Amino acid sequence: MKYDFTKIEQYWQKRWEAEKPFSALNGDNKPKAYILVEFPYPSGIGLHIGHPRPYTAMDIVSRKRRMQGYNVLYPIGFDAFGLPTENYAIQKKIHPAEVTRENIAKFTSQLKMLGYSFDWDRCVDTTDPTYYKWTQWIFIKLFEHNLAYKALIPVNWCTSCKCVLANEEVVDGVCERCGSEVVRREKSQWMLRITKYAERLADDLDTVDYIERVKIQQRHWIGRSVGAEVNFKTTTGDTIRIFTTRQDTLYGATYMVISPEHPLLAKWKPKNADEIKTYQEIASKKSDFERTELVKEKTGVRIIGINAINPVTNKEIPIFISDYVLASYGTGAIMAVPGHDARDWEFAKKYDLPIVEVVSGGNVEKEAYTECDTGIMVNSDLINELSVEDAKIKITKWLIENNLGEEKVNYKLRDWVFSRQRYWGEPIPIVDCEKCGFVVLPESELPLILPDVKNYETTETGESPLASMTGWLKTTCPKCGGPATRETDTMPQWAGSSWYFLRYADPHNDKALASKKALDYWTPVDWYNGGMEHTTLHLLYSRFWHKFLYDIGVVPTSEPYSKRTSHGMILGEDGQKMSKSRGNVVNPDDIVAEYGADTLRLYIMFIGDFEKTAPWSQQAVKGCKRFLDRVWGLACNKIIDENENNKSALNNVSQSHEVIINKTIKKVSSDIENLKFNTAIATLMSLVNDFYTPPPSRNDIKMLLTLLSPFAPHIAEELWKIQEFDGYASEQEWPDYDESKTVDSQIEMAVQVLGKLRSTINIPLDSDDETIIETAKNDSKIARYIEGKEITRTIIVKNKLINFIIK
RNA sequence: GCCGCUGUGGUGGAAUAGGUAGACACAAGGGACUUAAAAUCCCUCGGGAGCAAUCCUGUGCCGGUUCAAGUCCGGCCAGCGGUACCA
């Protein structure tokens, strides 16, 4: 019988569709396992070959969990708001909702074609009003808790998308999406106060099981630094407040630098006001990118006629403005310690400013001495001869006592720009009332439906297309009933994805984003796998929202995900990133048509280390197909056992294969947990190779199909049926193994002389040292090496190796 | 620059915790079957020497620790990812 994968796969997919064996049950008595993958953006191109990698991996985990007796929630949905759809809609003059519907239909059929055990009844779509009602509801709650505010801020403006971008969406000075130039513009934007959660977002990483590089990257992004704020008086009587992490070096502060945007500059009338103004203008025209990238040598202008006073030395020191000091970090002003900061040192050399050594150990004439572990304080009255660490404590205390400063923690993390001047996003449910200011809509008016517009394009002024709809725009204030205008900006794509995993718990609820009971049962997510590229965006944003929802009593845990893992990218056959222009794109449809879904699932897992990038190989796909052909060949006819009584105690497998079967169960079980899908499959291949001689028994085949079913569910189920085993392969209990049966009774040991492999011996398992030594010495090859030599030492590693040291 | 990861056959990749390097595949070569091809099955497959038994050599480079190093330590080099004047 031929392995007709197309027929088999369609047959089982239809049955799964009708019988829904993978539905999750809210409140079941079994232990729960919530396994999550990042839901896709349904682009017009269809499923990318990269999608099946994480989806198959977590499908394997989900299927294994069910077999282990868990009530498994493995859901899927669509993150469907966003620019590509909108741009496509503009180009083709089709409503984005229509485009989205088509794309979701295509993705759905492609995902079903791969045989994933998703609970399709829980599928969510972020553009569905019954879904985004709750996205809007969360925004309202954020606003009510003073975590959403509108501010005039310099924003990243994409010249092509005509849209504000979050800092995270600007890559190398260009738009992450379209690659066009990004410039700075002042605009009034909705912002979310993620910075208020910075400390908890950083600290609580200690409480979750994320792979280390994700934690490191998030911590780095949040960028916590502990230091002090210190007041410097100026000769004008004003105070400049600075932030530093090196309070200990205060005596070495020989000048100050403030950012070109510093508010005091508007007040002051320095002698060289014109020069300063010119510098400010040049700086304001530069984009952030130019400011950071182009400037190798620091530039600056001294403010002539105004000096600051170092609070510990009481000496007058000059003040500069320079664009290397950022208005957006710390206080927008620094004290400069050229002896112990590389940038300050360079700047001091350029402008011929004094360099004072305050930590001994380096040579500040030659370069800045920045190491602070071992140095001792010098030239610092109050703190001389102290270690850097002690000096910090003492000087901070002194600053506080004299009302000159305080301890302070700063974060690199900035507030989240939440406005987009675009059509295809969730409308922000807020009105601007002439009398009351910003007023949120009452819950009864949610969802605020995205109205139909004729033209989806942004206006030339950069306003959202919604701004030109006067009928929609003009409304009444829910509070006072007076005239009000609606907010025309929409939310960014990150909004809907910041809480979607909560909706899966109770996707059809129209009273709440999900019921308390459902959330109590399913959350937190037990295992979340996704791409590294979402570490500082989606993953951080959703942790922030979750913590907020926890604070207002909506969710039961302060962290959304217990465990986070990450997969590597699939590259094209040429080792380059897949792209249409390179012509190296692999379409999953083609692979399924030619080899079947089970082969694709197997290959995408066998391709290499799950966590690393891997190049696609069309040739290597065949190897996985051949493996399934061999499995088919072994079991496509009903097997009748000749010697039924030759059985192993556990699992009833044949004695002739019991060792390799126990070994395989052990290896496959642990490999799945450790994301080592490639070696799990290699082990299954070895098992099948072993099944050629002697032939396997019925129970051997049963065990193979059980272990194979999470990886290649269709063929496993079909062969299960052919063999007339009870029930379904996917419903079997995940097998146990007998540790004592995972090793052969007769083993091969390496024999070394002076650490070099010279021979191997066959010897019973767990032989005593004496037997090993005797057997090894009697080995003809070894005898040659040790003859007439004195053995000074013998090293034995049990069941592995023996090493003779001779003289 | 800083942080993180990686470097193993012609290729993708294996190698618990320092203990037989190259599992499992792909490609290649040889053979069987076939009128032929495809498919399938069997054999070879890091490099070098040798008829052979066997020996030497080999995990990016240079050193070190150890009976024993792909694995540990020190110093480099290369590639990938993140971040970038963060005070």
Side-chain angles (χ1 to χ4, degrees), chain A residues 171-172 211-221 223-225 227 242-246 249 257 259 288-289 291-293 295-296 298 322-326 328-337 341-344 346-347 410-414 532-533 535-536 568-569 571 575 602-603 606-609 611-624 626-627 629-630 633 667 670 674 676 678-689 692 748-760 780-781 784 792-806:
Chain A
V171 178
D172 292 337
I211 48 171
E212 206 50 36
R213 56 199 169 118
V214 168
K215 287 193 186 185
I216 290 168
Q217 222 167 288
Q218 282 210 354
R219 281 205 188 94
H220 189 166
W221 189 263
R224 176 189 163 97
S225 50
I242 61 104
F243 173 71
T244 181
T245 56
R246 297 296 306 273
T249 62
V257 186
S259 73
D288 265 347
F289 183 62
R291 260 170 90 152
T292 57
E293 191 68 8
V295 182
K296 285 274 176 273
K298 312 284 172 259
S322 175
D323 62 7
Y324 86 80
V325 173
L326 307 175
S328 53
Y329 183 77
T331 59
I334 62 159
M335 66 173 194
V337 184
D341 179 282
R343 268 170 313 161
D344 296 347
E346 252 179 72
F347 196 86
N410 253 314
Y411 297 91
K412 286 187 208 173
L413 187 70
R414 318 254 183 98
M532 278 308 283
E533 71 275 19
T535 302
T536 51
M569 219 192 326
L571 303 175
L602 223 42
Y603 176 62
F606 188 63
I607 195 166
D609 187 333
E611 302 194 73
K612 295 196 193 114
T613 54
W616 181 266
S617 163
Q618 196 68 34
Q619 284 290 353
V621 178
K622 287 183 191 162
C624 290
R626 274 180 211 152
F627 166 66
D629 283 335
R630 283 201 292 273
K667 179 84 175 138
S670 65
N674 297 318
K676 302 274 181 205
N678 52 340
T679 48
I681 291 167
T683 308
L684 289 169
M685 287 172 169
S686 293
L687 180 68
V688 167
N689 292 343
Y692 278 84
E748 191 187 55
M749 267 182 81
V751 186
Q752 297 183 336
V753 178
L754 284 170
K756 284 199 171 176
L757 181 72
R758 293 302 176 186
S759 186
T760 56
S780 59
K781 289 178 205 162
R784 276 213 319 268
T792 55
R793 219 177 132 189
T794 307
I795 294 138
I796 294 171
V797 183
K798 209 182 168 200
N799 294 328
K800 283 255 156 124
L801 146 159
I802 174 166
N803 188 6
F804 291 114
I805 310 306
I806 54 168

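The model shown is predicted, which means the values in this text are computed figures rather than measured ones. All chains are named by letter (A, B, ...) in the order of the sequence lines, taking the proteins before the strands, and each is independently numbered beginning at 1.
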*How would you label the contact of A:Y411 with the nucleic acid (heavy atoms, under 4.0 Å): base, sugar-phosphate, or nothing?*
nothing
_Side chain of A:A682 - closest among B:A25, B:A23, B:A87_ = B:A23
*Which is true for A:R224 with a 4.0 Å heavy-atom rule: it touches a base, it touches only sugar-phosphate, or it touches nothing?*
nothing
*Touch class at under 4.0 angstrom, heavy-atom based, for A:E748 against every strand present*: base
*Nearest-nucleotide pick for A:Q217, side chain only, options being B:G82, B:U54, B:G19*: B:G82
*Determine the contact category for A:T760: base if any of its heavy atoms lies under 4.0 Å from a base atom, sugar-phosphate if only primed atoms, P, OP1 or OP2 are that close, otherwise nothing.*
base
*Base, sugar-phosphate alone, or nothing: which one does A:L801 contact when heavy atoms must sit under 4.0 Å apart?*
base
*Using the P atom as the reference point in each nucleotide, state the distance between B:A38 and B:C55 in Å, no decimals.*
41 Å
*Can you figure out which of B:G19, B:U54, B:U40 approaches the side chain of A:I795 most closely?*
B:G19
*asked:* Let's test your reading of the model: under 3.5 Å, does the base of B:C85 pair with the side chain of A:K298 as donor and acceptor?
replied: yes
*Which nucleotide in the list B:C41, B:C24, B:C85 gets nearest to the side chain of A:L326?*
B:C85
*Counting side-chain heavy atoms from CB outward, which of B:C86, B:C26, B:U54 is closest to A:Y329?*
B:C86
*Quick one: which of B:U83, B:A87, B:C86 gets closest to the side chain of A:W221?*
B:U83
*Of all the choices, B:U20, B:A25, B:A87, which nucleotide is nearest to the side chain of A:A750 once you look at every atom?*
B:U20
Please produce a list of atom pairs where a protein N or O lies less than 3.5 Å from an N or O of nucleotides 14-18 of chain B.
| unit_1 | atom_1 | unit_2 | atom_2 | d |
| --- | --- | --- | --- | --- |
| B:A14 | OP1 | A:N678 | ND2 | 3.1 |

*Can you tell me the distance, in whole Å, between the CZ atom of A:R784 and the P atom of B:A53?*
12 Å
*Base, sugar-phosphate alone, or nothing: which one does A:N689 contact when heavy atoms must sit under 4.0 Å apart?*
sugar-phosphate
*asked:* Just to be sure I understand the rule, does A:R219 reach a base, reach only the sugar-phosphate, or reach nothing, if contact means heavy atoms closer than 4.0 Å?
replied: nothing
*Between B:C24, B:A87, B:G4, which one does the side chain of A:T245 approach most closely?*
B:A87
*With sugar-phosphate meaning primed atoms plus P, OP1 and OP2, does A:T613 contact a base, only sugar-phosphate, or nothing at under 4.0 Å between heavy atoms?*
sugar-phosphate
*Report the distance from atom CE of A:M532 to atom C1' of B:U83, rounded to the nearest whole Å.*
12 Å
*Compare the minimum distances between each of B:C86, B:G12, B:C67 and the side chain of A:N803, then state the nucleotide with the smallest one.*
B:C67
_Base, sugar-phosphate or nothing for A:Q752? Non-hydrogen atoms, less than 4.0 Å._
base
